[in-house]
Amino acid sequence: MADITKEYLALRDQYIESRFARLNPVQRQAVFATEGPLLILAGAGSGKTTVLVNRIANIIRFGSAHGSTELPRPVTEADLNDLRNAVAAGRDLPRETAYLAVRPARPWNVLAITFTNKAAGELKERLRAMLGDTLGGDVNASTFHSACVRMLRRDAERIGFPKSFTIYDSDDQQRVIKQIYKDLMIDDKFLPVKSAIGQISSFKDKLLSAEDVAGEPFANTKAQLVSKIYTAYAGRLKAAGAMDFDDLIFHTVKLLQNDAEAREYYQNRFRYVVVDEYQDTSIAQFHLVRLLAGGTNNVCVVGDDDQSIYKFRGATIENILNFEKVFTGAKTIRLEQNYRSTANILNAANSVIKNNMGRKGKTLWTDHGDGEKVHHYTATNEQDEASHIADVIGEHLREGASLKDHAVLYRMNAQSNPIETYFARAGIPYRIVGGQRFFDRKEVKDINSYLAIIVNPRDDVRLRRIINEPARKIGMTTIEKIGELAASKGVPMMEIIAHVRDYPELQRAAAALERFYEMYRELCDLSVSEPLDQFVGDVIAKSGYEAMLKAMKEEGETRRENLGQLVSSIKTYADQNGEDATLSGFLEEVALISDLDSYDNDADSVTMMTIHSAKGLEFPYVFVVGMEDGIFPGEMAKYNEEDMEEERRLCYVAITRAKKELYLSTSRTRMIFGQTRRNPPSAFLSEIDPGLLDETQSPELTGYGGGFGAGYGSYSTNVPGGRSGYSGASRGYLNSEYNAHPRGGFGGGYSSGFASGGHESPNSYGGRHQVQSTGFGSGYGRSRSAGNTAPAGAGTSTLAGAPSAAPQKKAAAASYAAGDIVEHRVFGRGKVLKATPIAGDCIVEIQFDRVGVKKTMANYAPLKKVEE
DNA sequence: ATCGATAAGATCGAC
DNA sequence: TCTTATCGAT
């Protein structure tokens, strides 16, 4: 090789390396491993996303140039000089891709698959920042499901579906199955609907079609029944032109398997495939990845077997464990340096996870300091636990931290309630991620169903959903008759409705059906003539839905607000997509969106969520509540070693969310599902090296605490099982003026009357309590709920301010009168209609520009007077 | 057809 | 405890 070439190649490597100088050597190794199968085992907080982004950037900028001897063209003296100068000056070489890249990918040659839409968005965002808008924006970054939808929108007709197929969510799915149960007269006690759905889902995951299943011998009558249901289910979806979530993957895999032309098209297009969170992929998803990557075999998967927590949902950890066997010649790179947590937190995580057998094995390390020990607090009950969290948060705030630095994690959603209640009373702004999603609300789904049948008149499921919502005198019997007629003629139900007069058996409801159909036609016409948001507004009005909600009082109001939000979300969609915005496009977006996607970390409030939702996130201060046997690990997992390992991984995920400090808590008694239980501490606690733990406990458990609690003892009770004890205590509390009690009240003051009641054996836990409370935690009986959307105003400043001042005093200033224009943090601008002073506060009735009339308490709402 | 009552059931939950 | 689903009465 000519010297000039040799020098050029060496300089080229040096140049490319310098573009990724901020990475550590192992990370850089991953970035330069562009060709062939690559497994990146990325521990929690090891800069995984950074590696992904840089690797994709490398593929687009330099292709496989690093470490290669290939050249895009013979080297000239001038080239060498340019490169020398660029390296010496540490500057970018002009037109570097053309000069020195080796077969670089165009952005659309890269397919990056992530776990959530949010993760996909972040990936794109960072690629854009790194490569510029044009290059970065054109990379395909999406979830499995949206990637499949995009392929199917192009090729659905090849497998007998319309391009405009509808996506059924689990709710729609359930409706179809229930319908089938009715038709086939299946007893749901013999075979629960859920079980049938689960089995069908697992068939699809194993790529078995309804015919495949029906063709095999059955183990028993149940299996035969499931097969029958599966066949009927698949038939209905096909007839409706609909796919459920499993179908999106299933049909895409089938398409790629059976259609060589389609397969080659996508294999040529996606020269590089990257899959994030590979430990949580399913069998069908594995097949999809293998098929897509089949052309070049350039497949890179990133994951952490220790963070596989979705087995219950079909994820199979074998995908990651067997990667090297399935993709021969695979390279494996381990990212074990953690940039997130302190050593103590990390070691706690390591000491827990090392008890799992089925893992690849890796040990995270950090060069951060030890930090504080991991805190473990033993509470008397869940209120005390909440109060302790509030105390700690208060301390952190006084030290300058903000609310959004804190997260409370729990095993199941049911645990959020006591904490929520406590936070609301204390005026601590919080926000709950997960639970009921916006697009899952009944009213939103109803209106979406109207939209769906306009886009796809064959969608019988959605039609059934809204044909009598609001009530139109079209009852079950009529609907069933239409269903039968449609089935016998092999046409959609809407087709029958269009010609009611032809069917004497529909005589009775004919008038109502005609009215409904007329409205439907009108909406169809409007859908093409009006802008999207205005059209949705019309759907809400002309369907009679608005009138129905108006007729209800309190409850209808919030639901109308939700519909208002729906209208604004479609407006946002329309604004973002300009010319390309369509009704079906919006519905698709809605179908594939999750709550976590809309989670933004800007709002200053404490985040509350399940550990599952917390995957991929990090917070300076993390509280993990309910570290109890029977809660975490959960009751169901205790007796099965495999499930136990999954719980342990979940625990590992929880611990590794924390950057600075980690607070674990256990409660001696806990009310869950209406019953008070005493759970022993979680087994995972004893797996943590005791030297890493800092133990504290409720004052009531230390002897003198019990006496203190009895001071409020009018509510103490001997009733076993919390029912009367609990509600009595909390009611009594609300009515009394506990605000007045002296500072330094113990965290548990709130509920002590209840907890110290009967059969507690104090002192069984030797350790001394550290007095952390400075009073605010227990005192705020009269704070108004901060609400779910967590207006920050009142709570924050109170917390940071004088601890035992009554909160309502500080906000005394503003007074409102009719006619004032106000600005509300959450609801926007509005005009005061009426102001009624009451007990030192003021009920203000406001006409908001966007959300209608609302009543708020002047001192507690995040409200500001703009003009008088 | 619609409302109210009562019973059952209840992890984790992306798309 | 709390929600959701189904049934039976009007």
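The sequence lines fix the lettering, A, B, ..., with proteins before strands; numbering per chain opens at 1.
- Between A/Y652 and A/D304, some side-chain heavy-atom pair lies under the 4.5 Å cut-off.
- With distances taken from any side-chain atom of A/N468 to the nucleotides B/dT11, B/dG13, B/dT2, the minimum falls on B/dT2.
- Donor-acceptor pairing under 3.5 Å is recorded for the side chains of A/Y266 and A/D155.
- Look at CE on A/M644: it is 18 Å from P on B/dC12, rounded to the nearest Å.
- Where A/S170 and A/A637 meet DNA chain B, the nucleotide closest to each residue was compared, and A/A637 sits on the side nearer the 5' end.
- Within the 4.0 Å cut-off from OP1 or OP2 of B/dT11, not a single side-chain nitrogen or oxygen of A/K638 is found.
- Per the geometry, CD belonging to A/E647 stands 14 Å off P belonging to B/dT11, to the nearest Å.
- By the 5.5 Å and 30° criteria, A/Y310 is not stacked with the base of B/dC12.
- Distance, A/K118 NZ to B/dG13 P: 15 Å, rounded to whole Å.
- With rounding to whole Å, A/R175 atom CZ is found 13 Å from C/dT4 atom C1'.
- Inspection of the A/T572 and A/S569 side chains reveals no N or O donor paired with an N or O acceptor under 3.5 Å.
- Atom P of nucleotide C/dC2 and atom CE of A/M671 are separated by 8 Å, given to the nearest angstrom.
- In this entry the distance linking CD of A/Q415 with P of B/dA10 reads 17 Å, nearest Å.
- With values rounded to the nearest 0.5 angstrom, A/Q173 atom CD is found 4.5 Å from A/D244 atom CG.
- Nearest nucleotide to the side chain of A/F673, out of B/dG13, B/dA10, B/dA14: B/dA10.
- The backbone N or O of A/I474 sits nowhere less than 3.5 Å from a side-chain atom of A/T478 that would complete a donor-acceptor pair.
- For A/H612, counting side-chain heavy atoms from C-beta on, the closest listed nucleotide (B/dT2, B/dC12, C/dT1) is B/dC12.
- Pairing partner, C/dA9: B/dT2, with both Watson-Crick or wobble hydrogen-bond distances short of 3.5 Å.
- Nucleic acid contact for A/K442: none, since no nucleic acid atom lies under 4.0 Å from a heavy atom of the residue.
- The base-pairing partner of C/dT4, taking Watson-Crick or G-U wobble contacts with both distances under 3.5 Å, is B/dA7.
- In this structure, A/Y181 atom OH and C/dA5 atom P are separated by 16 Å, rounded to whole Å.
- Looking at the side chain of A/A471, the nearest of the listed nucleotides C/dT6, B/dA14, B/dT2 is B/dT2.
- Separating the NZ atom of A/K194 from the C1' atom of B/dC12 is a distance of 12 Å, rounded to the nearest angstrom.
- The backbone N or O of A/K481 sits nowhere less than 3.5 Å from a side-chain atom of A/E484 that would complete a donor-acceptor pair.
- Nucleotides B/dA14 and C/dT3, compared at atom C1', are 24 Å apart to the nearest Å.
- Residue A/I474 is classed as a sugar-phosphate contact, given heavy-atom separations below 4.0 Å to backbone atoms only.
- When the side-chain nitrogen and oxygen atoms of A/T610 are compared with OP1 and OP2 of B/dG13, one or more of them lie within a distance under 4.0 Å.
- Residue contacts for A/M412: at a heavy-atom cut-off of 4.0 Å it reaches the sugar-phosphate backbone alone, with no base atom in range.
- When the C1' atom is compared between C/dT6 and B/dT11, the two are found 24 Å apart, to the nearest whole Å.
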